[in-house]
Each structure stands twice: as C-alpha cells, then as structure tokens.
Asker: 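Sending over a structure as structure tokens; questions will come in a sec.
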Amino acid sequence: MDFNHKLITWYSDKKRELPWRETSNPYYIWLSEIILQQTQVKQGLPYYDAFVTQYPTIFDLANASETSILKLWQGLGYYSRARNLHFTAKHIVNELDGKFPNTYKDLLKLKGVGDYTASAIASIAFNEVAAVVDGNVYRVLSRYFGIETPINSTLGIKEFKSLASTLIDHKQPATYNQAIMEFGAIQCKPKNPDCTVCPFQDSCVALQNQMVDVLPVKLKKTKVTVKYFNFLVFMDPNKKHFSKNALKKVFGNISFNFL
DNA sequence: AATCCGGGGTG
DNA sequence: CACCCAGGATT
C-alpha cells in the first residue's frame, strides 16, 4: 500500500496534462489508447487531436470512408490499427446499437483491443478494477520488485499480469493504472531513469542491487539475418564496367561490396 | 511460441 | 548504421 500511495502522490504531482485525461467518454479513451499503442505521446498527440476534430463521435468515425481514415493515420505506422479502428466503430454503431461496451470482458471482444487496451478502457472510462500491463508496467514492476522473469515469456506475461492485479488500487483503479504507466513513461524510463529523484529509492530492489540497467529481462529473438551473400557475376564482354543500378533492378535495395 | 506490422529514438 | 521500443493479430 505504501507503493500505491507514493505512486499516486507522484502522479498527482508530476503527471502531464493530456486531452484524453480530461474526459471519461469511452470513445475518446478508446481512440487515444489505439493511437498510443506502440506510439509515444509526443508522436500520437497531434493525431489524436486531428481525429477528435474530424470525427467528434463514434458515429462520425463509423460513417467515414476507410480511405479518409487511413489518410488521417498516415505517418503513424501499424496501419492495421486504423483499419481495426474503423471496423470496430462500425461494429459498435451497427451491431451494438451505438452503445460502447463497458466491461473488460466485452471490450476484449472488440477487434484491435487486446488485454492491455481492454483493461485500460475498462479502468479509465468505467473505473473497473482491471490491471493494465504495458511496457511501462513491465519495466516499473520488474525493477521495483527485482523480478528477472523475461517479460516476453509465457510465464513472465502471467506473472506480471498477476502481480499487477494484486497491486491495483481498488478504490481508484483509473488513477492507479494511469499513475504507474506515467511513472514508467517519464521517470522510470528504459534508458537513464531518474533514480536520483525517485520516491522509491529506499524500496526499489533494482536500484539497491545495481540492476536498474538490466531490468526488465527480455528474451533474445535470435533473428538470423543474412549478413553476407557471395556470388559471381560474369561480365558482359561488351561492357567495361558493372552497373550498381543494374544489380539494384535485380536484387532490390541491397548494398553490394565488390571484391 | 514465433513472426509480422511502421514509425521514432539512441548509441 | 545496428539495435531497441512494444500491443495485437496471425500462423
């Protein structure tokens, strides 16, 4: 409970003022959460403003063309998010009578809404006790409790979700969830966290054991990329030089070393 | 369980 | 340039 109290106090003191924190309208909360998936606030904010301006209600979004939505999404990346956003808007308007699902269980059924986003909307918009576990939460919890279970392992995902569920403040789940994510985003950062001014200096296991820079643990993804590819080119005797552009037409944008 | 999807950030 | 960040869908 000391953890929760300090966290929420820190949040009251240090949180950023953001437009989706001025509302509990599930449409706006949902919109902001989809935009902020894999996206930093700084990058997503102008897109959020543009969407709210152009599509003030879920009915406006549902009635829009996919082309116009994708155009407004341009530059954000992960374009399936925009297509799922449109699909779900139409689904809620046409199949759910325009009524936004209001429980974690029902939110989870929406396309483009997984465990994290369902928990975020349920807690922030409806004050349901549903613990969020995003990248920030993995980092804060693994460091504070000194947990070395890889966050991208099946066991890790279960462990952190379970821990987050035991920690969430039942009296103010919306504030608690936003506090722990905000803390991870702007203080307990991936690189160079501000440990010198951290309210958890005396209780953070990672800080006391010099493990801040190794937590959270993540499994390597042994991605094998082809680094060298040797081949022979027989020269056209009528030509005096190789053309890199000619090779580019055959192999695409691969860099070549001529030995 | 592994892979893909797009950008931005960092060293 | 190489590598990291990371939620959800898909296979």
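This is a predicted model, so every value here is computed, not measured. Just so it is clear: chains get the letters A, B, ... in the order the sequence lines come, proteins before strands, and each one is counted from 1.
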Asker: For atom C1', what is the distance between B/dT10 and C/dG7, given to the nearest Å?
Answerer: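 Here B/dT10 and C/dG7 have their C1' atoms 22 Å from each other.
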Asker: How are the rings of A/Trp30 and A/Tyr27 set to each other: parallel, tilted or perpendicular (split at 30° and 60°)?
Answerer: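 The arrangement is tilted - the two ring planes meet at 30° to 60°.
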Asker: I want to verify a distance call: between C/dG7, B/dG9, C/dC5, whose nearest atom is closest to the A/Tyr116 side chain?
Answerer: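 So the nucleotide nearest the side chain must be C/dG7.
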Asker: Evaluate the side-chain proximity of A/Arg21 to A/Gln178: yes if any heavy-atom separation is below 4.5 Å, no if none is.
Answerer: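 When only atoms from C-beta onward are counted, A/Arg21 and A/Gln178 do touch, with a gap below 4.5 Å.
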Asker: Looking at A/Gln187, A/His5, A/Glu182, which one forms a side-chain hydrogen bond (donor to acceptor under 3.5 Å, both in side chains) with A/Trp10?
Answerer: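 Of all the options given, the one that passes is A/Gln187.
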Asker: Given atom OH of A/Tyr79 and atom P of C/dT10, what is their separation to the nearest angstrom?
Answerer: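 To the nearest whole Å, that distance equals 19 Å.
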Asker: When the P atoms of B/dG11 and C/dA6 are compared, how many Å lie between them, rounded to an integer?
Answerer: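 One P to the other, the span is 15 Å.
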Asker: Can you find a side chain N or O atom of A/Lys189 that sits less than 4.0 Å from OP1 or OP2 on B/dG9?
Answerer: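 So the side-chain polar atoms of A/Lys189 never come under 4.0 Å of the phosphate oxygens OP1 or OP2 of B/dG9.
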Asker: Let me know the distance between CG of A/Leu107 and P of C/dG8, rounded to the nearest Å.
Answerer: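 My rounded result for the distance is 12 Å.
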Asker: Using a heavy-atom cut-off of 4.0 Å across all strands, would you classify A/Ser153 as base, sugar-phosphate, or nothing?
Answerer: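 The answer is nothing, as A/Ser153 stays clear of every strand by at least 4.0 Å.
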Asker: Measure the distance from CG on A/Leu70 to P on B/dG6 and round it to the nearest whole Å.
Answerer: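 So the CG-P distance, A/Leu70 to B/dG6, works out to 10 Å.
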Asker: Atom NZ of A/Lys218 and atom P of C/dA6: how far apart are they, to the nearest Å?
Answerer: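 These atoms are roughly 6 Å apart.
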Asker: Write down the distance between CD1 (A/Ile34) and P (C/dG8), rounded to a whole number of angstrom.
Answerer: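 Between P of C/dG8 and CD1 of A/Ile34: 7 Å.
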Asker: Roughly how many Å apart are C/dG8 and B/dG9, using the C1' atom of each and rounding to a whole number?
Answerer: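 About 22 Å, rounded to a whole number of Å.
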Asker: So which nucleotide from C/dA6, B/dG8, C/dG8 ends up closest to the side chain of A/Gln43?
Answerer: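 So the side chain of A/Gln43 is nearest to B/dG8.
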Asker: Touch check for A/Gln37, heavy atoms < 4.0 angstrom, all strands: base, sugar-phosphate only, or nothing?
Answerer: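 A/Gln37: backbone/sugar contact only, no base atoms under 4.0 Å.
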Asker: Pick the nucleotide of DNA chain B nearest each of A/Asn192 and A/Ser80; which residue has the one closer to the 5' end?
Answerer: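 By nearest-heavy-atom nucleotide position, the 5'-most residue is A/Ser80.
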Asker: Distance check needed: C/dG8 C1' versus A/Asp134 CG, whole Å only.
Answerer: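 Going from A/Asp134 (CG) to C/dG8 (C1'), I get 14 Å.
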Asker: Tell me the interatomic distance from A/Lys111, atom NZ, to C/dG8, atom C1', rounded to whole angstroms.
Answerer: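 Distance, rounded to whole Å: 12 Å.
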Asker: From CZ of A/Arg83 over to C1' of C/dA9, roughly how many Å is that when rounded to an integer?
Answerer: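 Distance, rounded to whole Å: 12 Å.
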Asker: Aromatic ring centroids of A/Tyr144 and A/Phe200 under 6.0 Å?
Answerer: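 Between A/Phe200 and A/Tyr144, which both carry aromatic rings, the centre distance is below 6.0 Å.
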Asker: Give a yes/no answer on whether the side chain of A/Tyr78 brings an N or O atom under 4.0 Å of OP1 or OP2 in B/dC4.
Answerer: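 It does not, given that no N or O in the side chain of A/Tyr78 lies less than 4.0 Å from OP1 or OP2 of B/dC4.
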Asker: If the cut-off is 4.0 Å, is A/Thr39 near the phosphate of B/dG6, judged by side-chain N/O to OP1 or OP2?
Answerer: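 Indeed not, no polar side-chain atom of A/Thr39 lies that close.
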Asker: Assign the ring pair A/Trp20 / A/Tyr48 to parallel, tilted or perpendicular, where the plane angle (0 to 90°) is split at 30° and 60°.
Answerer: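 Answer is perpendicular, since the angle exceeds 60°.
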Asker: Take A/Lys42 and A/Leu76, find for each the nucleotide of DNA chain B with the closest heavy atom, and name the residue whose nucleotide sits nearer the 5' end.
Answerer: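 It is A/Leu76 whose nearest nucleotide is closer to the 5' end.
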Asker: Classify the angle between the aromatic ring planes of A/Phe51 and A/Trp73 as parallel (below 30°), tilted (30 to 60°) or perpendicular (above 60°).
Answerer: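 The rings of A/Phe51 and A/Trp73 stand perpendicular, inter-plane angle above 60°.
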Asker: Any side-chain N or O of A/Arg139 below 4.0 angstrom from OP1/OP2 of C/dC5?
Answerer: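 Indeed not, no polar side-chain atom of A/Arg139 lies that close.
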